[in-house]
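Down below is the structure, laid out as C-alpha cells.
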Amino acid sequence: MADQLTTLDAGFLQLEDTDRHVSLAIGGIAILAGPAPHFDELRDAIGSRCLANPRSTQVLRTHPLDLTAPEWVDDPSFDLAHHVRRTALPQPGDDAALSAEIATIMERRLDRERPLWECWVIEGLAQNRWALLIKVHHALADGIAATNLLTGLCDDAEVASFASSVGAATHPARRPGLPLPSRDPRDWVGDSVRFGLSAGKAALRVASGAAGIATSLLRPAARSSFNGPVGDLRRYSSAVVKLRDVEEIAHTFGTTINDVALAAVTDSYRAGLLRRGQQPRPDSLRTLVPVSVRATDAMDVSDNRVSLMLPLLPVDVADPLQRLRAVHQRLEVAKSSGQRQAGSIAVWATNLIPFPVTAWTVRLLSRLPQRSVVTVVTNVPGPRQTLSMLGHKVIRLLPVPPIAAGFRTGIAIFSYADELSFGLLVDFDAAPDVDELATGIERGVQRLQRLAKSSGRSRRKGDLLLLSGG
C-alpha cells in the first residue's frame, strides 16, 4: 500500500488520459555559468544524485479497468541514457531560443513504460552559459517536491528553502486547531463543550468552503481567448523581478508577497485582454491557486500534497493600487472561507472511497467542458541561497507549469535567492503574445514599486513636517 498512488496523484494520470493534446509534466530550469562540463561526466553526476530518490528507477504498474490504484514498482530495465538527454540551441543561443527549446521539450509526453522523469542538458546559451531542465510527471511530484528534486542535483547538501515557513504553517503540531483535552477529570465537562464548539465551527467553515468551490466551478467565466480547448504545441516565456522590490511593495501596502505577485499577473492579463480587443470583466479571470498542505517532515517525499483556492482576479480594476488591494482582500476571503480546508479534506476523503469509483468519476468529469476556471497560478518557494552544480554557479532558476482542462495559460512563480521568477507555459495558438504577457508581469511590479516609493516619500515628508511643527 505504501507504494500505491494516492487518488490525487492518480488523478493527474487520468486527466492526461482524457486529452491527447495534454502533457501533465512540470519542470524546473537551472541556468548555469559555463562552459558546460563534459556530457559523460555530467550524466554520471546527475545519475548518482537522481538515484538517491527511489522514484527515479520505478515505473507505474496499472491495473485493468482501474480496479486498483496504480503502484510504483522497480524498473528491471532501467537505463540512465533514456532519462539524461543532451541538446544544443541554434545560434545566437539567446533567451528566446532557450524558451522555444523548453516549450518543445515540455509539450512531449513522458513515456509511461519508463520512470516518469527526464533531465535535459541544454548547451549553446549566449554569454557563456548552459542550462539544465528537469521534467517530471505531476503524478510523481507537486511543485515543492519537484523543487526538491531539482535542488537535489546541486552541490549543496543542505538547502535552506522558503518552503520551510509553508511547511511550518501546515504542520499538524503547529497548526491552530481543536483544543487539547485536560488531564484533570474535573475539566472534562468544560473541555467537551469547547471541543464541540470548535468542531462545529470547523465543520461550518469546511462546509462553507466546499460550497464556495462548488459555486465557483458551476459558474462559467466570461468568454475570452484565454479559455477553450488546448492544442498539442506550447510556447514558453519568463519574467524575473527582484524579490526585495516585491517585499518593499508588500511591506508598504500591508499585503503579502503572493498578493503582489498575483496583482502583477492580473495587470498582465488585463493588458492582454485589452490588447486582444476584449473588455475585462469582473468574472473574466477565475484562477486556480494551488495551496501547499505539505508538512516540514514531508518535504523530501515525492508526491502531491496540495489543496486549492478559486479567487476571481480583478482584471476589471484599472488602478494598480486598488487592484493590489482587491487581490489581497479576495485572497483573505478565500483563505477565511474554508476553501483550502475543504479542498484538503475532499482530497483526503477520496482515498477512503474505492479507487475504481474515484478513477471513473475523474475520467468522466475530465471529459466534460470546463468553462469556469481560466488559468492556474502556482507559487512555489525555492532555495534561499545561491546554489552551485558541479562547481558551476546556478545563475537563475525558472519554473514550468502544466496546462490542461481548458487552461490555455499557466503561470508558476518561483523564489530563488534574491529573485522572484515567473514561468509561463501557454497553448501555441491561443497565446502567441506570451512574451508580452511575461513583460506585462514585470511592468505590473514596476508600477507598484513606483507607487510604493512615492508612498514612502510622502510619509517621510509628513513625518518631517510633524517634527518641524509645520
Side-chain angles (χ1 to χ4, degrees), residues 27-31 94-96 98-99 102 127 129 131 143 147 150 161-163 165-166 236-272 285 287 289 313-315 319-321 323-328 331 375-387 393-401 409-426 431 433-456:
I29 307 106
I31 300 176
D94 54 15
D95 290 343
L98 176 61
S99 293
I102 292 168
Q127 302 172 2
R129 300 172 299 160
T147 297
L150 179 59
S161 170
F162 291 104
S165 58
V166 176
Y236 179 81
S237 191
S238 61
V240 180
V241 298
K242 292 296 183 184
L243 186 56
R244 64 173 177 269
D245 293 342
V246 178
E247 290 172 335
E248 179 186 1
I249 297 166
H251 176 74
T252 300
F253 297 119
T255 67
T256 67
I257 290 174
N258 193 49
D259 293 337
V260 177
L262 286 172
V265 168
T266 307
D267 191 329
S268 181
Y269 272 93
R270 173 182 169 81
L285 199 61
T287 304
V289 178
L313 295 185
V315 288
D319 180 81
L321 184 52
R323 190 161 52 236
L324 171 61
R325 287 172 173 157
V327 167
H328 175 70
L331 265 292
T375 189
V376 57
V377 182
T378 179
N379 193 341
V380 181
R384 293 175 180 271
Q385 74 263 33
T386 303
L387 305 178
K393 179 183 177 182
V394 179
I395 302 170
R396 178 162 292 163
L397 290 175
L398 300 171
V400 188
T409 61
I411 299 178
I413 308 167
F414 192 81
S415 50
Y416 168 57
D418 61 349
E419 289 186 339
L420 195 67
S421 60
F422 300 73
L424 294 78
L425 190 71
V426 303
D433 58 347
V434 62
D435 291 332
E436 292 178 82
L437 287 172
T439 303
I441 294 173
E442 294 176 347
R443 280 199 299 263
V445 172
Q446 291 165 5
R447 287 191 184 100
L448 290 171
Q449 185 188 15
R450 286 195 295 269
L451 290 171
K453 289 186 179 299
S454 175
S455 176

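Sequence positions, counted from 1, serve as the residue numbers for this chain. Side-chain atoms are counted along with the backbone in the values below, which use heavy atoms only and exclude waters and symmetry mates.
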Quiz prompt | Short side-chain to backbone donor-acceptor contact, T255 and F253, under 3.5 Å | solution = no

Practice problem: Return the minimal non-hydrogen interatomic distance between G423 and P401, and the atom names on each side. | Solution: O-CD, 3.5 Å

Quiz item: Do T375 side-chain atoms and T409 backbone N/O form a donor-acceptor pair below 3.5 Å?
Solution: yes

Quiz item: Under the criterion side chain to side chain contact (heavy atoms under 4.5 Å, CB included), which of L425, L398, D435 is the partner of S237?
Solution: D435

Quiz item: Does T266 have any side-chain contact (heavy atoms from CB on, under 4.5 Å) partners at least two apart in sequence or in another chain, and if so, which?
Solution: L313, P314, V315, R323, V327

Quiz prompt | For D94, side-chain contact (heavy atoms from CB on, under 4.5 Å) partners two or more places apart | solution = P92, A96, A97

Quiz prompt | Backbone of V240 reached by a side-chain donor or acceptor of E442 within 3.5 Å | solution = yes

Practice problem: Could you tell me which non-hydrogen atom of Y416 sits nearest to which non-hydrogen atom of I395, and how far apart they are? | Solution: CE2-O, 4.1 Å

Quiz prompt | Side-chain donor or acceptor of S421 paired with backbone N/O of L397 under 3.5 Å | solution = yes

Quiz item: What pairs with Y269 under ring pair (Phe, Tyr, Trp, His ring centres under 6.0 Å), at least two apart in sequence or on another chain?
Solution: F226

Quiz item: Taking 4.0 angstrom as the limit, do D319 and R325 come out as a salt bridge?
Solution: no

Self-check item: L424 CG to L437 CG distance, which is reported to the nearest 0.5 Å
Solution: 6.5 Å

Quiz item: Measuring from K453:NZ to R450:CZ, what's the distance to the nearest 0.5 Å?
Solution: 11.5 Å

Quiz item: To the nearest 0.5 Å, how far apart are CD1 in I413 and CD1 in I441?
Solution: 7.5 Å

